[in-house]
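Heads up: the structure comes next, in structure tokens.
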Amino acid sequence: MASQLFFDAFPALPNAEGLLPKWQLIVATMAVFNTLQNFATLKLTRKLYTGVPPTSITALQARTFAVWTLTSAVVRGYAAYNIHNKTIYDMALFTYLIAFGHFTSELFIFRTAKINVPVLSPVIVSTVSLVWMFQQYEFYVKL
């Protein structure tokens with residue numbers, strides 16, 4: 001009840017039922033901030049990839065990561081407002097799968113990252129989002 005009052009106070013928020021569309025918007029917004037950070041500095045990116053010498057993390061790598069992150073933000077933001085569209089839903093789901101694959105492979109295969117908050121954050125967000133989206137697939141997509 002109280003959460004609905006909160007959402008009603010912000011009409012620009014996605015109006016689809018449930019919290020998943022709002023979650024998509026929150027994650028997309030966080031990704032935009034992460035994009036800006038990657039364009040502006042290497043400081044936080046170097047905290048993520050601690051398994052390699054800091055000098056091997058370049059501005060080019062950070063900008064490439066920023067573009068990927070912005071692409072994910074656009075897809076997830078679009079999904080927030082078009083959650084019932086199967087194609088958009090599937091694309092958003094795949095962005096989380098790709099993110100999960102990237103961060104877990106950097107941790108366990110390439111060993112360029114170590115378990116810390118900067119790595120756990122995207123792993124947790126991608127895992128929670130994947131599970132949530134798989135569980136709610138039929139509710140939102142209505143096959």
Side-chain angles (χ1 to χ4, degrees), residues 1-52 54 57-143:
M1 189 76 157
S3 65
Q4 189 57 44
L5 289 173
F6 173 80
F7 293 125
D8 289 344
F10 297 97
L13 291 175
N15 60 6
E17 286 183 61
L19 294 176
L20 185 58
K22 284 84 172 168
W23 173 254
Q24 295 291 335
L25 186 61
I26 290 167
V27 174
T29 302
M30 291 187 322
V32 169
F33 287 115
N34 187 260
T35 295
L36 296 173
Q37 171 269 307
N38 273 286
F39 278 126
T41 180
L42 297 176
K43 183 179 173 183
L44 296 176
T45 305
R46 286 187 171 144
K47 289 183 179 181
L48 184 66
Y49 299 102
T50 56
V52 295
I57 297 168
T58 66
L60 175 60
Q61 177 198 19
R63 290 190 307 271
T64 303
F65 194 71
V67 170
W68 155 252
T69 304
L70 183 59
T71 303
S72 293
V74 169
V75 171
R76 294 165 185 172
Y78 203 78
Y81 292 96
N82 298 278
I83 198 79
H84 297 293
N85 182 311
K86 180 185 181 330
T87 303
I88 303 301
Y89 195 100
D90 290 349
M91 288 174 61
L93 195 145
F94 275 109
T95 67
Y96 293 112
L97 185 61
I98 292 166
F100 177 81
H102 169 73
F103 289 105
T104 56
S105 68
E106 295 300 332
L107 272 169
F108 301 115
I109 297 170
F110 303 113
R111 303 208 185 268
T112 56
K114 294 183 180 356
I115 295 177
N116 59 24
V117 173
V119 172
L120 287 178
S121 177
V123 169
I124 290 169
V125 168
S126 63
T127 302
V128 167
S129 299
L130 278 169
V131 170
W132 194 355
M133 290 185 79
F134 275 122
Q135 287 179 336
Q136 295 294 303
Y137 194 87
E138 288 184 25
F139 176 77
Y140 285 107
V141 175
K142 299 193 187 340
L143 296 173

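In this text, all values refer to a predicted model and were calculated from it rather than measured experimentally.
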For [X], which residues count as a side-chain contact (heavy atoms from CB on, under 4.5 Å) partner, sequence neighbours excluded?
| X | value |
| --- | --- |
| Asp90 | Lys86, Tyr137 |
| Pro54 | Arg46 |
| Thr64 | Leu60 |
| Val75 | Met91, Ala92, Thr95 |

Hey, what do you get for [atom1] ([X]) to [atom2] ([Y]), rounding to the nearest 0.5 Å?
| X | Y | atom1 | atom2 | result |
| --- | --- | --- | --- | --- |
| Leu36 | Thr41 | CG | OG1 | 12.5 Å |
| Asn38 | Trp68 | CG | CH2 | 13.5 Å |
| Leu42 | Arg63 | CG | CZ | 9.0 Å |

More than 12 foreign heavy atoms under 6.0 Å from [atom1] of [X]: is that the case here?
| X | atom1 | result |
| --- | --- | --- |
| Phe94 | CZ | no |
| Phe39 | CZ | yes |
| Gln61 | CD | yes |

Show the nearest heavy-atom pair for residues [X] and [Y], with the distance to one decimal.
| X | Y | answer |
| --- | --- | --- |
| Gly51 | Lys114 | CA-NZ, 4.0 Å |
| Ser129 | Val125 | OG-O, 2.7 Å |
| Ile83 | Pro21 | CG2-CG, 4.0 Å |
| Pro118 | Pro122 | O-CD, 3.0 Å |
| Ala113 | Leu48 | CB-O, 3.5 Å |

Quick check against the 3.5 Å criterion: does [X] have a side-chain atom that pairs as donor or acceptor with the backbone of [Y]?
| X | Y | answer |
| --- | --- | --- |
| Lys22 | Ala16 | yes |
| Asn85 | Ile88 | yes |
| Ser126 | Val123 | yes |
| Asn34 | Met30 | no |

Margin query: Trp23 and side chain to side chain contact (heavy atoms under 4.5 Å, CB included): which single residue from Val27, Leu25, Leu19 fits?
Written below: Val27

Notebook entry, point to check: Going through the checks in order, is the side chain to side chain contact (heavy atoms under 4.5 Å, CB included) test met by Thr45 and Gln37?
Noted result: CA-CA 9 Å; Thr45 305; Gln37 171 269 307; 3.6 Å; yes

Notebook entry, point to check: Which residue pairs satisfy the ring-ring contact (aromatic ring centres under 6.0 Å, His included) criterion with at least one member in residues 102-129, sequence neighbours excluded?
Noted result: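 Qualifying pairs: Phe65-His102.
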
Check: Going through the checks in order, is the side chain to side chain contact (heavy atoms under 4.5 Å, CB included) test met by Met133 and Leu20?
Finding: CA-CA 8 Å; Met133 290 185 79; Leu20 185 58; 4.1 Å; yes

Note to self: Do Lys142 and Tyr140 form a cation-pi contact, if we require the NZ or CZ to be under 6.0 Å from the six-membered ring centre and within 45 degrees of the ring's axis?
What the structure shows: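 Not flagged: Lys142 not positioned over aromatic ring of Tyr140.
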
Item checked: With sequence neighbours excluded, residues passing ring pair (Phe, Tyr, Trp, His ring centres under 6.0 Å) with Tyr49 ->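 Scan of Tyr49 (ring pair (Phe, Tyr, Trp, His ring centres under 6.0 Å), adjacent residues dropped) gives none.
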
Item checked: Audit row: Gln24, Tyr89, side chain to side chain contact (heavy atoms under 4.5 Å, CB included) steps and yes/no -> CA-CA 10 Å; Gln24 295 291 335; Tyr89 195 100; over 6 Å; no

